[in-house]
Amino acid sequence: NCIPEFARNYLENLNRLYTKDDVLYIAKKQLETELSMRSFTSGDYLFCDSDMLVCKIWQEYKYGSCDEWIQDKFETHPYDLTLLCDIDLPWEEDPLREHPKERKILFDLYLKQLSAAKKNFLVIQGNGEDRLKNAIAAVLTI
């Protein structure tokens, strides 16, 4: 089962510039959706396209600080494995994507946060079918 990224639909329908409070709302709705799905997927895989780390870095990078609720959920909400996608693919234009020239900086922030928090994660590399195979192999390690 897969939990889509709540932020995408929310931001596409916002009709104004988003704020730091919007990122907190997105984080809460993302986690709420995930928790509602977890109760129905016992023994199955549950893939989440976004998580508290995304919201944490998003707030820190854009606004200079992170809401305590997001920080707490990042520290305490468990995941068996995080797949951190490398930046080895070309940038794809998307109206909701920001910072195309800062991909390495952002990737390093994710890497640093995951490592510092001692989260179980693997970096996924490759193009096309190879990237998918690498992700599947990583998931099968848990």
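Note: Tyr10 and Tyr25 have tilted aromatic rings, judged against thresholds of 30 and 60 degrees for the angle between ring planes.
Hydrophobic clustering (side-chain heavy atoms under 4.5 Å, transitive across Ile, Leu, Val, Met, Phe, Trp, Tyr) keeps Trp91 apart from Leu106. Residues Leu89 and Ile105 do not share a hydrophobic cluster, clusters being chains of Ile/Leu/Val/Met/Phe/Trp/Tyr side chains in contact below 4.5 Å.
Contact between Glu5 and Ser50 at its shortest, heavy atoms only, is CG-CB, 4.1 Å. The nearest pair of heavy atoms linking Leu83 to Ala138 is CD2-CB, 3.7 Å. Between Cys55 and Ile26, the shortest heavy-atom distance links the atoms SG-CG2, 4.4 Å.
To the nearest 0.5 Å, atoms CD1 (Ile70) and CG (Leu24) are separated by 5.0 Å. With rounding to the nearest 0.5 angstrom, the CD atom of Gln125 is 10.0 Å from the CG atom of Leu84. Going from atom SG of Cys66 over to atom CD1 of Ile57 covers 9.5 Å, rounded to the nearest 0.5 Å. Atom NE2 of His77 and atom CG of Leu31 lie 5.0 Å apart (nearest 0.5 Å). We find the SG-CD1 distance between Cys85 and Ile87 to be 11.5 Å, quoted to the nearest 0.5 Å. The distance from atom CD of Glu32 to atom CD of Glu34, rounded to the nearest 0.5 Å, is 11.5 Å.
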Test side-chain contact (heavy atoms from CB on, under 4.5 Å) applied to Val139 and Phe47, step by step: CA-CA 10 Å; Val139 169; Phe47 294 93; 3.8 Å; yes

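A side-chain donor-acceptor contact under 3.5 Å links Asn13 to the backbone of Asn9. Distance alone, capped at 3.5 Å, is enough to place a donor-acceptor pair between the Asp51 side chain and the Val54 backbone. Of the possible polar contacts, one joining the Gln59 side chain to the Asp67 backbone as a donor-acceptor pair under 3.5 Å is found.
With sequence neighbours left out, the salt bridge (charged side-chain N to carboxylate O under 4.0 Å, His left out) criterion links Asp94 to Arg8. Contacts of Tyr18 classified as side chain to side chain contact (heavy atoms under 4.5 Å, CB included), with partners at least two apart in sequence or in another chain: Leu11, Leu14, Asp22, Val23, Trp58, Lys62, Tyr63, Glu98. Qualifying salt bridge (charged side-chain N to carboxylate O under 4.0 Å, His left out) partners for Glu102, counting only residues two or more places apart in sequence or in other chains: none. Annotation: ring pair (Phe, Tyr, Trp, His ring centres under 6.0 Å) contacts of Phe107 (sequence neighbours excluded): none. Contacts of Arg103 classified as salt bridge (charged side-chain N to carboxylate O under 4.0 Å, His left out), with partners at least two apart in sequence or in another chain: none.
A heavy-atom distance below 4.5 Å is found between the side chains of Tyr45 and Leu140. Contact of the Trp69 side chain with the Met52 side chain is registered, since non-hydrogen atoms from C-beta on lie closer than 4.5 Å. Put simply, the side chain of Glu12 does not reach to within 4.5 Å of the side chain of Pro95, judged on heavy atoms.
Here Glu60 pairs with Lys56 in a salt bridge; the nearest charged N to carboxylate O distance falls below 4.0 Å. Using a cut-off of 4.0 Å between Lys/Arg side-chain N and Asp/Glu carboxylate O, Arg131 and Asp88 are scored as salt-bridged.
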Show me the side-chain donor-acceptor pairs of residues 115-124 shorter than 3.5 Å, one per line, residues at least two apart or across chains.
unit_1, atom_1, unit_2, atom_2, d
Ser115, OG, Leu111, O, 2.9
Lys119, NZ, Phe74, O, 2.7
Asn120, ND2, Asp80, O, 2.7

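Within 6.0 Å of atom CG in Leu96, more than 12 heavy atoms from other residues, nucleotides or ligands are found, so the atom counts as buried in its surroundings.
For Gln71 and Glu75, the side-chain atoms include at least one donor-acceptor pair closer than 3.5 Å.
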